[in-house]
Amino acid sequence: FPSHDTMGLRDEREVMLRDLAQYTDVKGLESSSGEFQVYIAGGIQLVSGQSRATLSTRPNADNASLSDVTVTVGSGAPSNITQRLTQGELGGLLKVRDSAIPSYEAELDKLAYQFSQNVNDLHKQGYNLSGATGNPFFSELASESGAAQAISLDVNIANSPKSIAASNSIDQLPGLS
């Protein structure tokens, strides 16, 4: 029979495995010889007896503002396991980062692009206080991609508020008789 100290250590180990399971799928196995192994993300070995792997992050190769999760065994090279982390809190966060946020960004870009196009179409039909027409309100955007970040006032509007279309008819401009 295992001693009370051994049972306490086993209990601690189970608590640690449950804690780790909040972040990703985890499986702990004990061999008949008593050696314990821990696997995450469907088979990546983190612990085998006295040996352990190290989890860390590094900048994503395609987008340095994002991080990838890596595992390093011994003195070996880090292996990117980001795509294998599909369960738990890490899996959820990665799904939001890699799928949901880009989808929302694309929708926001589309909205910003369409908004600027529609406002510009209307604004170009109006007359500014100098009697000019055909001027955009927003700088022309080349495409939907990145529109939410790129949308800005047309330089003429930014430099002179008198460039804002004030009427759809030259006869109705304020200050003109």
Side-chain angles (χ1 to χ4, degrees), residues 16 18-26 39-44 46 53-73 76-177:
M16 286 187 237
R18 277 195 302 274
D19 288 346
L20 183 58
Q22 292 175 14
Y23 300 102
T24 189
D25 59 319
V26 63
Y39 297 89
I40 63 165
I44 299 168
L46 280 186
T54 303
L55 288 175
S56 58
T57 61
R58 69 175 179 206
N60 178 281
D62 297 325
N63 184 343
S65 68
L66 301 178
S67 294
D68 288 331
V69 180
T70 63
V71 64
T72 305
V73 179
S79 295
N80 186 343
I81 63 167
T82 306
Q83 297 303 315
R84 294 185 63 182
L85 298 170
T86 59
Q87 303 294 314
E89 188 173 330
L90 279 174
L93 290 170
L94 289 168
K95 184 176 182 179
V96 167
R97 181 194 82 176
D98 296 339
S99 298
I101 290 174
S103 173
Y104 291 135
E105 286 176 335
E107 288 179 37
L108 186 58
D109 283 340
K110 182 178 181 177
L111 176 65
Y113 182 78
Q114 290 174 346
F115 177 76
S116 71
Q117 295 298 103
N118 291 338
V119 169
N120 281 348
D121 289 346
L122 288 172
H123 194 266
K124 288 176 184 179
Q125 295 172 28
Y127 294 87
N128 67 22
L129 294 179
S130 301
T133 190
N135 299 311
F137 186 81
F138 293 109
S139 294
E140 299 289 346
L141 297 171
S143 70
E144 284 183 9
S145 180
Q149 187 174 7
I151 192 171
S152 64
L153 289 177
D154 180 77
V155 67
N156 294 321
I157 299 291
N159 291 333
S160 174
K162 290 182 179 183
S163 297
I164 296 173
S167 177
N168 64 352
S169 169
I170 197 161
D171 298 332
Q172 295 178 358
L173 280 174
L176 294 181
S177 305

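The residues of the chain are indexed from 1 along the displayed sequence.
- What you find for Leu129 and Ala166 is that their closest heavy atoms are CD2-CB, 3.9 Å.
- Residues satisfying the side chain to side chain contact (heavy atoms under 4.5 Å, CB included) test with Tyr127, not counting sequence neighbours, are Thr133, Ile170, Leu173.
- A distance of 7.5 Å separates CD1 of Ile81 from OG1 of Thr24, quoted to the nearest 0.5 Å.
- Annotation: the span from Asn128 atom CG to Ser160 atom OG amounts to 8.0 Å, rounded to 0.5 Å.
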| task | Apply side-chain contact (heavy atoms from CB on, under 4.5 Å) to the pair Ile40 and Val71, showing each step before the final yes or no. | result | CA-CA 11 Å; Ile40 63 165; Val71 64; over 6 Å; no

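- Formation of a donor-acceptor pair under 3.5 Å by the His123 side chain with backbone atoms of Ile164 is not found in this model.
- Closest heavy-atom contact between Ser143 and Ala147: O-CB, 3.9 Å.
- Listed by first and then second residue, the salt bridge (charged side-chain N to carboxylate O under 4.0 Å, His left out) pairs involving residues 122-149 are Lys124-Glu140 (not counting sequence neighbours).
- The stretch residues 81-102 participates, sequence neighbours left out, in no ring pair (Phe, Tyr, Trp, His ring centres under 6.0 Å) pair at all.
- Every residue was checked against the side chain to side chain donor-acceptor pair (under 3.5 Å) condition with Lys162, not counting sequence neighbours, and none meets it.
- Considering every non-hydrogen atom in both Ile151 and Ser116, the closest pair reads CD1-CB, 3.8 Å.
- Residues meeting the side chain to side chain contact (heavy atoms under 4.5 Å, CB included) test with Ala150, sequence neighbours left out: Leu141.
- Not one N or O on the side chain of Asn168 forms a donor-acceptor pair closer than 3.5 Å with the backbone of Gln125.
- In this structure, the side chain to side chain contact (heavy atoms under 4.5 Å, CB included) partners of Ala21, at least two apart in sequence or on a different chain, are Val26.
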Pairs under 3.5 angstrom only: tabulate donor-acceptor contacts from the side chains of residues 152-159 to other protein residues two or more places apart or in another chain.
{"unit_1": "Ser152", "atom_1": "OG", "unit_2": "Ser139", "atom_2": "OG", "d": "3.4"}
{"unit_1": "Asp154", "atom_1": "OD2", "unit_2": "Asn156", "atom_2": "N", "d": "3.0"}
{"unit_1": "Asp154", "atom_1": "OD2", "unit_2": "Asn156", "atom_2": "ND2", "d": "3.4"}
{"unit_1": "Asn159", "atom_1": "ND2", "unit_2": "Val155", "atom_2": "O", "d": "3.2"}

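- For residues 88-114, no pair satisfies side chain to side chain donor-acceptor pair (under 3.5 Å), with sequence neighbours left out.
- Note that CG of Leu55 and CG of Leu46 are 5.0 Å apart. Values are rounded to the nearest 0.5 Å.
- Residues forming a ring-ring contact (aromatic ring centres under 6.0 Å, His included) with Phe138 (at least two apart in sequence, or on another chain): Phe115.
- Residues Ala64 and Pro59 approach most closely at O-CB, 4.1 Å, considering heavy atoms.
- Residues that satisfy the side chain to side chain contact (heavy atoms under 4.5 Å, CB included) test with Ser169, not counting sequence neighbours, are Ser167, Asp171, Gln172.
- Evaluation of the side chain to side chain donor-acceptor pair (under 3.5 Å) rule for Tyr39 yields Gln37, Gln45 as partners, not counting sequence neighbours.
- For residues 54-65, the set of pairs meeting the side chain to side chain donor-acceptor pair (under 3.5 Å) definition, not counting sequence neighbours, comprises Arg52-Thr54, Ser56-Thr70, Asn60-Asp68, Asn63-Ser65.
- Rounded to the nearest 0.5 angstrom, Leu85 CG and Leu90 CG are separated by 6.0 Å.
- Summarising the geometry, atom CD1 belonging to Ile101 is positioned 12.5 Å from atom CG belonging to Leu108; distances are rounded to the nearest 0.5 Å.
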